[in-house]
Every structure is written in C-alpha cells, then in structure tokens.
Amino acid sequence: MEATEEKLLELYEKLHAAYGPQGWWPAETPFEVMVGAVLTQATAWRNVERAIERLKAAGALSPEGMVRLSEEELEQLIRPAGFFRQKARRLRALLRLIERHGGVEGLLALSTERLRAELLSVPGIGPETADSILLYAAGRPVFVVDTYTRRILHRLGLLRDEKASYEEMQELFERALPRDPELFGEYHALLVRLAKEHCRAKPRCAGCPLAPPCARSTESA
DNA sequence: TTCCGGGTCC
DNA sequence: GGACCCGGAA
C-alpha cells in the first residue's frame, strides 16, 4: 500500500480516537437527508437545522408535503439557510426527479452509477451534494469530498497538487479505505468536525487532536 | 458595521 | 472569478 493510503487510514484512526462516532447524517428519513444536502450547500449546518425545523412545522418535510408549497412559500420557509431563491428552485427540481421515479424509494433503488448521474442532472446538484445523498440517503460506499477535506489533506501534506479534482480526491480515499458506507460516513463527519473546531480557514491549532502539530500548522493562510 | 465561510452555475 | 444569502465573528 502506498504511503498516502496508509496515512489516510491513520488519520481516520486518530480522529475516531479523539472524537468517537459522529452518527451522521442527522435526519429521520432519506428525503430529509436529500433536503439537508441541498440546504447545506455553502451554509453552516446550524442554519440548515432552522430551515429543516420550519419545513417540518409546515408539514413539508416529505415529497408529498413539499410539492404542495408554492415556490414563494418554500423560499420563505428555507430562508434561514441562505441562497433561498436558488435553493427553493433546486429543491423543486429534486422533487421532479423523485416524482419521475415514482418516489424516493424508486429513485434510491437505482444502481449507484445511474443514481449519481440522475442526481447530477438536477440543476443545482453538483458532485458533493450528489455524493452526500448517495452515501447518507442511499447507503452507497461513496466518499464525500468537500472544501474541508481538501484543506485538511493539503495542510497535512497528503495532497500533492493543490488543484486535485474532486474525483481525484475521492479516488484517493476510496482506494485507501475498505468500501464501507459506515466508515465513509464517519470519516467525512470527522473531517468536518476537525475543520470546524481547528482546521479552519484561519487555523486554530491549539488543542488540535492531530498534535503534535501537522506539517503545515505554521502556515497562516 | 463590515467581513468571513461555504457549493454550484455561469 | 463573480453571483447567490445567511448568521455569527471580528
């Protein structure tokens, strides 16, 4: 096994030892995962929770409930999550995809490859959102890559070229790890936690569980 | 009061 | 690279 692959396994072990299981994704139904995946685009989870609560209170946290809303009503409910106009449009496009497949179950029954393609065909669903749905709503062994993943790997010196594509980074993890959705889900959640608590855009290295300091901990940007 | 962080599309 | 948006930090 390559050095980088071993290091990715070690990184998981360290984070898991420090933080324990994260229990992602926090949602009661696959549809709720899908909605959350769209709402959390470029948005702190706290604000997504507010929007989800409002949808739930309005009885719109199901395809049948949400489809009854006008676009304007949907916009107002999800306002706390930001980008509310485009996200309302995206959710309605996702609803149409679900309807075309006769419901959430029918959609999620597609093969991983086909499901990913269908999700990516929805305007406003890109690779990270699609993969979050594949992993956390459909339970497929697909590794989710985000800004945090890139930042952490780069600072740890595990990303040779800083411009590595989404797919390249995803392959890195999928080659290094056993193809286990549970593991992938935990790993992504642990990276998010590390990024929020320590490995922020402006690093807060004090108390980082990866101490002794990582190779890049002295960089300021 | 301004600034920052965070996916996707154009 | 800019536009889309909010809440919380500075």
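Chain letters run A, B, ... following the sequence lines, proteins first, then strands; residues in each count from 1. Computed from a predicted structure; not experimentally measured.
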Between the main-chain N or O of [Y] and the side-chain N or O of [X], is there a donor-acceptor pair closer than 3.5 Å?
{"X": "A/E73", "Y": "A/S70", "answer": "yes"}
{"X": "A/S132", "Y": "A/E128", "answer": "yes"}
{"X": "A/K87", "Y": "A/L39", "answer": "yes"}

Discussion item. Is there a side-chain contact between A/R150 and the phosphate of B/dG7, meaning an N or O under 4.0 Å from OP1 or OP2?
Written reply: no
Worksheet entry | side-chain N/O A/T43 vs B/dG7 OP1/OP2, d < 4.0 Å | no
Worksheet item: Which is it for A/L177 and A/E5 under the side-chain contact (heavy atoms from CB on, under 4.5 Å) test, yes or no, and what are the steps along the way?
Response: CA-CA 8 Å; A/L177 307 170; A/E5 299 187 11; over 6 Å; no
Worksheet item: In terms of the nearest nucleotide of DNA chain B, which residue is placed more toward the 5' end: A/T129 or A/A44?
Response: A/A44
To the nearest Å, give me how far apart [atom1] ([X]) and [atom2] ([N]) are.
{"X": "A/H198", "N": "B/dG5", "atom1": "NE2", "atom2": "P", "value": "17 Å"}
{"X": "A/R204", "N": "B/dC4", "atom1": "CZ", "atom2": "P", "value": "15 Å"}
{"X": "A/I125", "N": "B/dT8", "atom1": "CD1", "atom2": "C1'", "value": "11 Å"}
{"X": "A/R46", "N": "B/dG6", "atom1": "CZ", "atom2": "P", "value": "18 Å"}
{"X": "A/Y166", "N": "B/dT8", "atom1": "OH", "atom2": "C1'", "value": "13 Å"}
{"X": "A/K196", "N": "B/dG5", "atom1": "NZ", "atom2": "C1'", "value": "8 Å"}
{"X": "A/D131", "N": "B/dG7", "atom1": "CG", "atom2": "P", "value": "13 Å"}
{"X": "A/N47", "N": "B/dG6", "atom1": "CG", "atom2": "C1'", "value": "11 Å"}

Practice prompt. Give one of base, sugar-phosphate or nothing for A/R50, where a contact means two heavy atoms less than 4.0 Å apart.
Written response: sugar-phosphate
Item to complete: Would you mind listing every ring-ring contact (aromatic ring centres under 6.0 Å, His included) that reaches into residues 187-208 of chain A, with sequence neighbours excluded?
Response: A/Y12-A/Y187, A/W24-A/H188, A/F143-A/Y187, A/F173-A/Y187
Response to the item:
Separation between CG (A/L119) and CG (A/L94), nearest 0.5 Å, reads 7.5 Å
Worksheet entry | Candidates B/dT8, B/dG5, C/dG8 - which lies nearest the side chain of A/R151 | B/dG5
Fill in: Contact residues, residues 71-99 of chain A to DNA chain C [heavy atom, < 4.0 Å]
A/R79, A/P80, A/G82, A/F83, A/F84, A/R85, A/Q86
Practice prompt. Establish, from distance only, whether the side-chain atoms of A/Q41 and A/R90 form a donor-acceptor pair under 3.5 Å.
Written response: yes
